[in-house]
Amino acid sequence: MQYAVLCYNEESVTEAWSRDENDRVMRDLAAVEKKYAEAGRLGPVARLMPTTAATTVRKSAGESFVIDGPFAETKEQFLGFFIVEADTLEGAIAFAKELAVANPGTGAYEIRPLRLFKPGGGPK
Amino acid sequence: MSELAWIDLALTAARPQAMGALLRYFRDLDLAEEAFQEACLRALKTWPAKGPPRDPAAWLILVGRNSGIDRVRRRARERPLPPEEVLSDLGDAEDDLAERLDGAHYRDDILRLLFVCCHPDLPATQQIALALRIVSGLSVKQIARAFLVSEAAMEQRITRAKAKVAAAGIPFETPDAAARAERLSVVAAMVYLVFNEGYSAGTAAAADAPFATEAIRLSRLLLKLFPAEPEIMGLTALTLIQHSRLAARFDADGQIVLLDDQDRTLWDRALIDEALVLIDKAMRHRAPGPFQVQAAIAALHARAATPGETDWAGIERLYRTLERLQPSPVVTLNRAVAVWRLEGAEAALALVEPLGERLSGYFHFHGLRGGLLKELGRREEARAAFDRAIALARTPAEAAHIRQHLDGLQRERAEAD
């Protein structure tokens, strides 16, 4: 089974990271990614720009309209995701827990099994 | 990341919202600050064992509010006449606490917190110091170091600024749309001052200049509160692009490296990309303003992979727009740099000379004028201009940069002789 592991945290926290803290978190996460990638179990990984960079296209009966900002105003923001292959839910939970050890503190990982996965050809 | 580190981050992140709410409850900056400090101490004690609360800001507001009320009551007992209206106010606050914590107020809370730091009677440096102390939570020591004054002097400055704010009265009515827009533009200008203070006094060591990163944090916060304001998009984009060059702006000896000589691979692409997105978003609103135009100018520099690819014509056009939106001799001076590249030193000098009266105390005026005169072979006048510039330099790096020009003139003269 493939799972999306969705990262939620308060942006105000991740934006308060110093450059060193940011680099350290990215390095520690990369170590976990490497392990799963070498086992052939890691799909695409993405980190999103802050929600202030987001634009939302709202569907409507007539022409869709465009709104500045993210779709939902939430306490914690959707900041990125990992796609991982795991035999069971326990495996996906174990992956998320490893991420949490690499990047402790506030926030959460939401595990969502994939229903459809199109890896796509690009962009690289 | 250690336990202490993430708690510290969570407290820093929650600070503007929590301080904003506590200021609304207590209507007093000192009391709000003490209450917040108290809440932070409790957080340090309880969070390690229990983990972070789901909503750190709400937690800090509740705990801070309770400790603040205790403090007010204790003070009331120590005084012969209890401030009855303060206490009854707090009673009311309790009743609709749930409603107040749901975030409906928090936008105006944070805006108010920033706005009180911008009191027009406060000189710019005090506005900056106050905002960094109250909103960002930088220590007095950090702020003092950046302003090159003693901690005691900075402490005194901040205390005086707070007293002035308190005496002026803090605006507690919920602003209407026009008042909100007015507050937002005043606050945006202050955030830009914070950024500039860091930028011009900046050194390669970001730790010595946390102002720039704090200003970026504040402008992103404003954008989160006002996601559809193109000028706030512009402000954020501008600070991001300027900051993206930090690693390239100084060499190993701390000397200034000019834009043309910077190693562009050291520019932080992630910050530039984010800024370009924000400029794209702002453009859709078709409501240009000074911050957007300045961001667009910075973006034209950022988009050029080499100095030779810089779109100077575009930059000159944008400075013309800026002159119209926000006429200022400094803007014209900047346009002159673009004119120098497009039409040469003669044309640029013609634009620069009439500014002398208003910019006689401005380092960059004399620096640019010296550079133009030097290129035109008017060495003695160039030397005089560079001498003026050195006298006006605000940092050793600025002075050292001008000294290089003077040394260059010296060499030219020696070769000529």
Side-chain angles (χ1 to χ4, degrees), chain A residues 8-29 31-32 46-58 63-80 97-110 123, chain B residues 1-3 5-17 47 51-58 103 136-137 206-207 210 213-214 216-230 232-233 236-237 240 243 246-247 268 270-271 273-278 280-282 284-285:
Chain A
Y8 288 87
N9 202 348
E10 271 193 64
E11 267 175 341
S12 49
V13 170
T14 55
E15 278 163 24
W17 284 350
S18 67
R19 188 180 289 242
D20 285 349
E21 274 159 343
N22 183 70
D23 293 349
R24 193 167 55 235
V25 169
M26 290 303 128
R27 197 186 53 228
D28 292 350
L29 287 174
V32 178
R47 184 181 185 186
L48 307 179
M49 282 189 193
T51 55
T52 42
T55 303
T56 301
V57 177
R58 214 5 140 165
E63 202 190 338
S64 301
F65 53 95
V66 180
I67 308 163
D68 288 299
F71 160 63
E73 282 270 350
T74 46
K75 191 72 205 147
E76 285 149 324
Q77 289 77 35
F78 177 40
L79 301 181
K97 283 186 171 172
E98 283 184 61
L99 297 175
V101 170
N103 180 12
T106 52
Y109 295 105
E110 177 181 334
Chain B
M1 201 175 294
S2 73
E3 205 160 64
W6 71 252
I7 293 179
D8 193 44
L9 274 173
L11 296 178
T12 304
R15 184 178 176 108
Q17 190 189 344
W47 291 6
R54 253 211 77 118
D55 186 341
S136 301
T213 48
E214 284 305 326
I216 288 174
R217 226 158 63 79
L218 290 175
S219 60
R220 277 183 177 150
L221 176 66
L222 285 178
L223 189 51
K224 207 161 291 172
L225 300 178
F226 300 93
E229 286 295 335
I232 304 300
M233 296 172 195
T236 311
L240 286 169
H243 194 57
L246 181 69
D268 189 331
L271 297 185
D273 288 346
E274 187 185 337
L276 296 180
V277 168
L278 291 175
D280 276 356
K281 283 181 59 166
R284 298 191 67 258
H285 288 263

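Numbers restart at 1 for each chain; the letters A, B, ... are given by sequence-line order, proteins then strands. Atoms considered below: every heavy atom in the structure, side chains included; atoms not considered: hydrogens, waters and symmetry mates.
Residue B:Lys281 comes nearest to A:Gly69 through the heavy atom pair NZ-N, 3.6 Å, listed as atom of the first residue, atom of the second, then distance. Here the shortest heavy-atom pairing between B:Leu9 and A:Ala16 reads CD2-O, 3.4 Å. Taking all atoms of both residues into account, the shortest heavy-atom contact from B:Leu278 to A:Ala53 is CD2-CA, 4.2 Å. When every heavy atom of A:Thr52 is checked against every heavy atom of B:Glu274, the shortest pair comes out as OG1-OE2, 4.3 Å. Here the closest non-hydrogen pair linking B:Ala10 and A:Val13 is CA-CG2, 4.2 Å.
The environment of NZ in A:Lys97 is sparse: at most 12 heavy-atom neighbours from other residues, nucleotides or ligands sit within 6.0 Å. For A:Glu73, the CD atom counts as loosely surrounded, since its 6.0 Å shell holds 12 or fewer non-hydrogen atoms of other residues, nucleotides or ligands.
Listed by chain and residue number, A:Glu10 satisfy the side-chain hydrogen bond (donor to acceptor under 3.5 Å, both in side chains) test with A:Ser12 (two or more places apart in sequence, or in another chain). Evaluation of the side-chain hydrogen bond (donor to acceptor under 3.5 Å, both in side chains) rule for A:Glu11 yields A:Thr51, B:Lys224 as partners, not counting sequence neighbours.
Contacts between B:Leu223 and chain A at a heavy-atom distance below 4.5 Å involve backbone atoms as well as side-chain atoms. Using a 4.5 Å cut-off between heavy atoms, B:Pro52 contacts chain A through its side chain alone, with no backbone atom that close. Within the 4.5 angstrom heavy-atom criterion, only backbone atoms of A:Ala54 (N, CA, C, O) approach chain B. For B:Asp273, the parts lying under 4.5 angstrom from a heavy atom of chain A are both the backbone and the side chain.
Among the candidates B:Ala237, B:Ala228, B:Gly51, B:Pro16, the residue making the largest number of heavy-atom pairs closer than 4.5 Å to chain A is B:Ala228. When A:Ile67, A:Val66, A:Thr14 are compared by the number of non-hydrogen pairs under 4.5 Å with chain B, A:Val66 comes out ahead.
Between B:Asp268 and A:Arg19 there is a salt bridge, with a side-chain nitrogen of the basic residue lying less than 4.0 Å from a carboxylate oxygen of the acidic one.
Note that CD of A:Glu15 and CZ of B:Arg217 are 8.5 Å apart. Values are rounded to the nearest 0.5 Å.
Contact annotation: the side chain of A:Asp68 approaches that of B:Met233 to within less than 4.5 Å [non-hydrogen atoms, C-beta and beyond].
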